[in-house]
Amino acid sequence: MGDESWQTHLEVENDGLMRIRKHGTMNVDAMIVSSPEHMAKSSDSRSISQLVNIASMPGVVGEAWAMADWHFGYGFPIGGVLATDVNWGEEGGSISPGGVGFDINCGVRMVALECSIDDIPNLDKLAGRLNGRIPSGGSGKGGLDITQRELDEIVTRGTNAMVDLGYAYEEDMNSIESNGMLETDNGVSERAMNRGMKALGTLGSGNHFLELQTVQSVEDNNPHNLFEGQVVCMIHSGSRGLGHQVCTDHVRTLEDKYRNRDGVWQNDEWGFEIQDRQLAAAPVFSKEGQSYLDAMNGAANFAFANRSALTHRLRQTLATEIDVETRLLYDVSHNIAKIEDHVIHGKTCTCCVHRKGATRALPGQPVLVPGDMGTGSWLLEGKEGNRAFSSSCHGAGRLLSRSQAKKQIDGKALKRELESRGIRIHANTSNIISEEAPDAYKDVDEVIGLTNSAGLTKPIARMMPLAVIKG
DNA sequence: ATGTTC
């Protein structure tokens, strides 16, 4: 599946970058953080077709990007970064829910414990306690009990509301992207709000996790004063059913506004033409575009609050085992669209930047890149001159589909193997261990190497897993 | 990713 004519327009740009020259319906070139060797291993032509499709979106500027961990997604590839000019046309360039994804403001936070691995009296016991206190899996049971009024505050004010409710430290806000609060009038639908009532402080399933890690190595550039053997906690979760419902609501509304003419999807009202119905988009300043942005920001606030609630549980649980300071090092979003200024070909442009499975990486900003449960994770920082609208990869990237992984990998045997290497695994099912196995993912170190070579980031520290709590 | 097909 997928048109492969892009192959004849593919060039090597430098060590970590490939370029697809604009051709056919494309409005701009596409860039891939990759090398010929890496492309050959990640040869999924469907996702490259998706990259070509997004380079064809109305109002796109600069280049359409695929981060080194790109793979096939809903409309947009995961690992995709797309910027549109908000001053393009009458009501601005495209904003598309498919460019953000279903798990709005899915993201990662890293909490540094001011202690070394040797200061934890019993890691097995601590991991067991965390597993008991961190709700995970599909059921969504065991989260924080909140009222409708509290949920409204959370969706409207994000982390700020969590501080007021006593579920977050005030200083946490300084270490969260956008200070953990995006502007919204809370246009989140009633149905989405109802799904949110039961979900605050729950991890979810799939690749979401809470992981105790130890710092394996630190670069000379060490702005966060980390040390080898230090214990940290990484939390990966998003907006749960609330964000999923917001995406569903707006995808439906927008997809209904397009008609197929000769294989191209068109909206006459806006004069928009898209290559795939799943790319359904509205002009940023249209009623529909603003309505999506408003609800998306509300869902993003809920996701920030969810990670705060999980951090609260982490802090409570740690206190039962050890007297230790916890410092939120940073919290990044990897599924969001934001209005930002960027210099494109020498000119400043106000853009709507979609990052779907991609992390913002402003100069000096911490970038959190979890690998897989057996390999390790990275702390990077954004680099001056990042050409990808100040963005980075968000993980290792899938190599095997979930169904392939379940077929090929014995979850129980893998759990034993990881535990023999000192990695405690608490997962609800054996299937989830197979699906999230190291062999189901690309090599995170290779992905990080490409990202650094492409000039997007520089490394700060590498972490190894100690205990993994998963759905 | 997801009350895993309203």
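Convention: sequence-line order gives letters A, B, ...; per-chain numbering from 1. What you see below is based on every heavy atom in this structure, not just the backbone, and it leaves out hydrogens, waters and symmetry mates. Keep in mind that this is a model prediction, so the values were computed, not measured.
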A/Asn428 atom CG is separated from B/dT2 atom P, nearest whole Å, by 13 Å
note: A/His244, atom NE2; B/dG3, atom P; distance rounded to Å ~ 7 Å
Rounded to whole Å, NZ of A/Lys198 lies from P of B/dG3 at a distance of 9 Å
Ionic contact status for A/Lys406 with A/Glu435, cut-off 4.0 Å: yes
Using a cut-off of 4.0 Å on non-hydrogen atoms, how would the nucleic acid contact of A/Gly206 be classed: base, sugar-phosphate, or nothing?
-> sugar-phosphate
Whole-Å distance, A/Tyr74 OH to B/dT4 C1', equals 15 Å
Checklist entry - Which is true for A/Arg240 with a 4.0 Å heavy-atom rule: it touches a base, it touches only sugar-phosphate, or it touches nothing? => result sugar-phosphate
When you measure from the centre of the six-membered ring of A/Tyr169, is the NZ or CZ of A/Arg315 closer than 6.0 Å and no more than 45° off the axis? yes
Here the distance between atom P of B/dT2 and atom CG of A/Asp249, to the nearest Å, is 16 Å
Notebook entry, point to check: Counting just side-chain N and O atoms, does A/Ser205 come under 4.0 Å of either OP1 or OP2 of B/dT4?
Noted result: no
- Task: Could you tell me whether A/Trp70 and A/His38 have their ring centroids closer than 6.0 angstrom?
- Result: yes
Atom CD of A/Gln245 and atom C1' of B/dT4 are separated, to the nearest Å, by 14 Å
Taken to the nearest whole Å, CG/A/Leu203 to C1'/B/dG3 is 17 Å
With the side chain defined as heavy atoms from C-beta on, A/Arg252 is closest, among B/dT2, B/dG3, B/dC6, to B/dC6
Rounded to whole Å, the CZ-P distance (A/Arg191 to B/dG3) equals 12 Å
Exercise. Base, sugar-phosphate alone, or nothing: which one does A/Gly241 contact when heavy atoms must sit under 4.0 Å apart?
Worked result: sugar-phosphate
Practice prompt. Using the side-chain contact (heavy atoms from CB on, under 4.5 Å) rule, take A/Ser35 and A/Leu450 through it: C-alpha gap first, then chi angles, then the decisive distance, then the call.
Written response: CA-CA 8 Å; A/Ser35 63; A/Leu450 287 162; 4.2 Å; yes
